[in-house]
Amino acid sequence: MEQQTLVVVGAVVIRDGLALAAQRADPPALRGRWEFPGGKVDPGETPADAVVRECREELGVTVRPLHRIGEDAPFPAPGPSRPRPAVLRLWRVELVAGEPEALEHLSLRWLTASDLRTVPWLPADVPFLDLIAPLLAPGTAVHP
Ligand SMILES: Nc1nc2c([nH]c(=O)n2[C@H]2C[C@H](O)[C@@H](COP(=O)(O)OP(=O)(O)OP(=O)(O)O)O2)c(=O)[nH]1
């Protein structure tokens with residue numbers, strides 16, 4: 001039987017020309033890799049609502065989705081027995097309230113365009129970096 005494609009949303013929080021990147025804590029195979037805060041869309045939930053929910057759960061902040069960045073990027077999501085077909089869908093979001101905290105991640109970093117490729121991203125995120133870099137300040141952050 002064909003498996004339904006899983007939709008994973010990621011929030012690209014940009015503030016003062018810096019993009020927020022989050023370092024995964026788990027599962028062990030993904031620990032230490034970097035991603036955009038987010039997760040799986042729940043049944044009956046819109047992807048934009050999932051972005052807002054995940055940012056509240058993972059960062060403790062309120063965000064407002066602005067627009068999607070690029071197209072869905074297919075990737076094999078790790079499953080309990082074998083990988084599931086999934087797509088990564090990124091949204092640019094505005095930080096409305098709160099200061100992001102690593103509630104579920106190992107750490108957070110604010111990245112400039114030149115910092116963007118200095119962290120080991122999950123593979124599905126890499127094609128998006130060319131679209132995100134032009135939205136960011138060019139130089140190296142003083143307090144990344
Ligand atoms: N959140 C997020 N997940 C990503 C990104 N890139 C990428 O390949 N993934 C993968 C990692 C995971 O296999 C999957 C998302 O799973 P997740 O564990 O974050 O989802 P979730 O928050 O809903 O967690 P759970 O309820 O299943 O525990 O998508 C990204 O930028 N952000």
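Nothing here was measured: the structure is a model prediction, and the numbers come from that model. Both ligands and their constituent atoms are indexed starting at 1 by order of listing.
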Protein non-hydrogen atom found under 4.0 Å from atom 26 (O) of ligand 1: no
Look at ligand 1 and say whether E57 reaches it with a heavy atom at a distance under 4.0 Å. no
Should E45 and K40 count as an ion pair when the cut-off is N to O under 4.0 Å? no
Looking only at the side chains, is there a donor atom on one of D115 and T118 sitting less than 3.5 Å from an acceptor on the other? no
E58 heavy atoms within 4.0 Å reach ligand 1 at atoms 22 (O)
Run the numbers for me: atoms of ligand 1, each under 4.0 Å from some heavy atom of P78, listed by number. 13 (O)
Output yes when a side-chain donor or acceptor of T5 lies under 3.5 Å from a complementary backbone atom of A86, and no otherwise. no
Output yes when the distance from some N or O of ligand 1 to some N or O of F36 is under 3.5 Å, and no in every other case. yes
If you count every heavy atom of other residues, nucleotides or ligands that lies below 6.0 Å from D16 atom CG, does the total exceed 12? no
Just wondering, are more than 12 heavy atoms of other shown residues or ligands nearer than 6.0 Å to CD in E94? yes
Consider only side-chain heavy atoms of I, L, V, M, F, W and Y, link residues closer than 4.5 Å, and tell whether W34 and I69 are in one cluster. yes
Can you sort out which atoms of ligand 1 are near F75, meaning under 4.0 Å from one of its heavy atoms? 8 (O), 10 (C), 29 (O)
Of all the heavy atoms in G10, does at least one lie under 4.0 Å from an atom in ligand 1? no
Give the residue and atom name of whichever protein heavy atom lies nearest to atom 11 (C) of ligand 1, and the separation in Å to one decimal. R24 NH1, 3.6 Å
Charged N to carboxylate O under 4.0 angstrom, D72 versus R89? yes
Given R84, K40, R53, which one has a non-hydrogen atom that is nearest to atom 20 (O) of ligand 1? K40
Carboxylate-amine/guanidinium proximity below 4.0 Å for D125 and R33: no
Closest non-hydrogen protein atom to atom 15 (C) of ligand 1, residue and atom name please, with distance? V8 CG1, 3.8 Å
Residue, atom and distance of the protein heavy atom nearest atom 7 (C) of ligand 1 read L122 CD1, 3.4 Å
Short question: side chain of R109, backbone of L111 - any donor-acceptor pair under 3.5 Å? no
Identify the closest protein heavy atom to atom 31 (O) of ligand 1: which residue and atom is it, and at what distance? D125 OD2, 2.5 Å
Considering all heavy atoms, the nearest G98-V61 contact: C-CG1, 3.7 Å
Checking the N or O distance criterion of under 3.5 Å, is ligand 1 in contact with A124? no
Just to confirm my output: which protein heavy-atom neighbour is closest to atom 4 (C) of ligand 1, and how far is it? E35 OE1, 3.6 Å
At less than 4.0 angstrom from any non-hydrogen atom of G38, what atoms of ligand 1 do you find? 1 (N), 19 (O), 22 (O)
